[in-house]
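Comments concern the structure below.
Since this is a predicted model, take the numbers as computed values, not measurements. Computed over heavy atoms, backbone and side chain alike; hydrogens, waters and symmetry mates excluded.
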Amino acid sequence: MFPFLTILVALPAVGAAVLWALPASARGRAREIALGVTVIEIVLFAVMALQFDKADAGAFQFSETYAWIPQIGTSWALGVNGIGLLLIALSVILTPLAILAAWREDKDVKARRDYMALILLSLSFMVGIFAARDVFLFYVLFEAMLIPLYFMIGRFGGVQRRYAAVKFLLFSLAGGLIMLVAVVALYFAGPGGEQAFLTDQLAGALELTTAQERLMFLAFFLAFAIKAPMVPVHTWLPDVAETARPGTTALLVAVLDKIGTFGMISLCLVLFPEAAQWAAPGIIVFAVISVIYGALLAIGQRDMMRLVAFTSVSHFGVMILGIFAFQQTSVEGAALYMFNHGLSTGALFLLVGFLVARTGTADVDAYGGLQRVVPVFAGTFLIVGLSSLSLPGLSPFVSEIMVFVGAYPVAAVAVIISAVSVVLAALYILRTYQRVFTGPVREDGPQVRELSLRERLVAWPLIALMLLLGFAPGIAIDYLRDPSADVVAQVTIEEAGA
Amino acid sequence: MNFVTPEIAWAPLAPIIIVLGAASIGVLIEAFVRTPATRRSVQLVFGLVALVAALGTAIAQWVALDGGGTVVQQFMLTVDRQALAWQTLIVVFGILGLILFASRTRAGESAFTPLGSTAPGSIEETLARRRGFEVTEVFPLLLFAVGGMMLFTSVTDYIFLFVALEVFSLALYIMVALARRRRLMSQEAALKYFLLGAFSSALYLFGVALIYGATTQTSFAAVGRAIDVISGRDALLLAGVVLVLVGLLFKIGAVPFHSWTPDAYQGAPTPVTAFMGAATKAAATAALVRIVYTSLYPLEWEMSWLFWAVAIASMALGTVLALVQTNVKRMLAYSSVAHAGFILVAFAGFTEEAVAALPFYLLAYGLATIGAFAVVSQVRERSEDGAVGAEAVRLGQWAGLGKRSPLLAGAMALFLLSFAGIPLTAGFIGKFEVFSAAVAGGGWPLVLIGVIASAVAAFFYVRLVVLMFLTDIPEGAEDSIEVEDGPLAKLVIVVTAAAVLVLGILPAGLLDVYADAAQFLVLPNG
């Protein structure tokens, strides 16, 4: 069988290596090469996705297993189910757009080359993480991914970038190291042997006391909650969003943070179903706090990048609520939301980024009346903004409804409180739109150009996808039904047994 | 009284004999080759040939040994796979160290003082420098140290262990004193190292005497057997055991026996620091493993509190003190103290996994240490008249190093990430192995503390990475730093960086080798 996944993982890394090895004379072509690599990646991915068997979306497909370090039971094991496939799709779609968005960011060719190489490297890790079927491999990629990201934040961005990069790194590293303890413990709790870390081997085969299982669950969950980000461990995100380059932030929030929720579904629930049941009420409480607190803070922001970051905290709360409600529809909805949120927030960050690139400020109060000056920009911004507040017809709406409807039977109060966030969302999005784009044109305001062709090429495909999935969500849900059902079954069987 | 000539199997000793023999011939080279420049090349080539030959013979023996090993001299010296694994490790460190010793700046300066016997700042010193003198004795001294350490890993007798300990320690004491710049600090460091080292040797010897008093034995295996049967002399025995362990923990650099490390690391010529940091720790760990597993095993329960306490103290104190350092060499010294703690974590529960895990950990640690200090030796201060001076060791001076030399800074970042245990570096696999060995032995709390210490430690490693890559070169300081590009040092840096990366990604082969090495020929109950 053709090793699609290994190639999808390796190709961007090779691309990054090529960029770094370029002779000085060819460095100017770095962004074209990087874009080329991501386009090949998309094509490869499309070929693979067409062969994906939808009828069996719950099972890992395109599986590859090679011994890696048999002494510690770890293998290079890749494979995707429907959820993984969708998230890889998100990664390969957003990366070229982030490259396009950063097309003119660097004057210095060397810096530009570095940035492009780092983006490619992180794509490699993202695909690897979403495809990992081995807990150790997952962990390794999870931690290694911090390296390109750290440099992307710390080298390219605003004045506070170093502080933000270190904060991001320390939060992630702390979570990761705690997870490492649980990873080591998994080896001893599992069946052992040369493939001890395969998720299929571990699921249901762990010999743990209740207390041990709960501790290990918490160790994994904490790492994912930091990544996701969930209140109260979300504080790194706004700082990073404010200072990092918009393309970086878009990738980070739209794709990389999904590793948190992806990990919750595919590791936390699968490996520790009983502990997940036990922790669910508490987690839902924190999820609801995230939903409301994130939305409230978003309303209070003047900096648009921070604002979008806080809306994400709110949206991630909804996803986590959906996951830990353990209902078929809510888990499906959460998984779908992971994809849709990537499209919508990614687009929003990139658009704000375009605005900042024109004027140098993300301060809402610096603008006014832009819709008369740049109508296309305003319209694009409005559509993307509406998607973020879950307007029907755009894809995030479907997923949010699925989560709320799905979770209602078991967590009615949580759903009712969380639903308030929809109103708050209208407030933060529309108020921002109003202050930036409507009203009289500010004479003293900064000069703003209309969206260029390149920028339209970045924003519009995302809008098209959101419209498509808004009207025909079934296309994506077909991939999510079986994996969600499996996860729910795993957790609830455990409950019935207990 | 009859004197019986001991029967000695010479062949398995070949690697050690080659190294010590070469060291002796190296001393003669000192006497007979007059021109300093020629002498240096001769010593370098000769030393390299000897070490590579030793490495070759050691590997050949490894292959020839199938499972067992050779008791070279009854009760005294054993060459088994465990010993060979450590011997090859130390020889590799020796080779890298030797190359680094020979590295010179563009202006032709070595890292060592032209004439060790001159008083710092004296007219004689200036004269010696002008005449182009060079202390090439460091090459044979390094060979002596390597030979002594190789012996140290293979000895199975408490008294003989002491001899090996002194062989390599004396060579190290001298080398520490020979820095070219900041000579007073170097001599002070050597004196401190020597005094504390002598003190710890005395403690060790006293411990051996007490053990002998309790068991009437000095060989590892015999002591192990005796521990099981004796009664009524527990106090004597335990005191002896603790003192012996203290002697070894001193060499490893664990808290509270670490106080020499920062001074010695900082004061020693950087190539010496590199070699010493990597090899001493490996040799001492090897000896500790052998003693614990083949001799003191019956006292598992009594010893464990000592290991736990020292491990926790080392990790905690090493990490915290490294946080507040402003000198690169001192920071790495305190980080080595923390690493001593991680090494001791492996001993929790005294599992067999630890025996397999430790050589890999020390290899990963040693490669990164040698590489990191090699980088340190290349970053120099430049005075206003353009003269290149001492190493720039203040952290602030490293700001923007990534812009001055991406390769050097990139390699340094890799070494630091390996120290921090970030995946895809050798350090991560090492740490993982060590932690799993501890978990297997029930050392849960230790692993937890180890993880917390790692997280804190990551902060100061990352801080240096930030300085190198994310901070701009300070205004007006553009010309104050000179990055040397010595070909020999560069070779060492490239080799160690490649090794750290390769071992981080594809460690399987070597882990197999070390799993094979996790067996001792002479066990107390064997």
Contact origin within A:V140 toward chain B - heavy atom pairs under 4.5 Å: both
A:F136 and B:F428 aromatic ring geometry - parallel, tilted or perpendicular at 30°/60° bounds: tilted
Side-chain (A:W68) to main-chain (B:I505) donor-acceptor, under 3.5 angstrom: yes
Nearest-0.5 Å distance that lies between atom CG in A:L186 and atom OG in B:S436: 12.0 Å
Between NZ on residue B:K431 and CG on residue A:L177, distance to nearest 0.5 Å: 7.5 Å
A:E194, CD atom: more than 12 neighbouring heavy atoms under 6.0 Å: no
Gap separating the CG atom of B:L510 from the CD1 atom of A:I69, nearest 0.5 angstrom: 11.5 Å
Interatomic spacing from OG1 in B:T425 to CD1 in A:I147 - rounded to 0.5 Å: 7.5 Å
Residue pair A:F125 / B:L424, side-chain heavy-atom distance below 4.5 Å: yes
Which portion of B:A440 sits near chain A, non-hydrogen atoms under 4.5 angstrom: both
Largest heavy-atom contact set with chain A, pairs under 4.5 Å, which of B:P423, B:P507, B:G450: B:P423
Portion of A:L146 that has a non-hydrogen atom of chain B nearer than 4.5 angstrom: neither
Part of B:T471 lying under 4.5 Å from any heavy atom of chain A: both
Which of A:L173, A:V183, A:I72 touches chain B most, by non-hydrogen pairs under 4.5 Å: A:I72
Evaluation steps, side chain to side chain contact (heavy atoms under 4.5 Å, CB included), between B:F459 and A:L169: CA-CA 9 Å; B:F459 178 75; A:L169 190 73; over 6 Å; no
B:E300 atom CD, over 12 foreign heavy atoms within 6.0 Å: yes
Any side-chain heavy-atom pair of A:Y187 and B:V439 under 4.5 Å: no
Within 6.0 Å of NZ in A:K167, more than 12 heavy atoms from elsewhere: yes
Most contacts with chain B, counted as non-hydrogen pairs under 4.5 angstrom, among A:Y150, A:F142, A:Y139: A:Y150
Rounded distance [0.5 Å steps], CD in A:Q212 versus CH2 in B:W444: 7.5 Å
Residue B:L511 versus chain A: region with a heavy atom under 4.5 Å: both
Proximal component of B:I429, with respect to chain A [non-hydrogen, under 4.5 Å]: side chain
Rounded distance (nearest 0.5 Å) linking atom CZ of B:F432 with atom OG1 of A:T74: 8.0 Å
Pairwise side-chain contact, B:V466 with A:Y163, heavy-atom cut-off 4.5 Å (strictly under): no
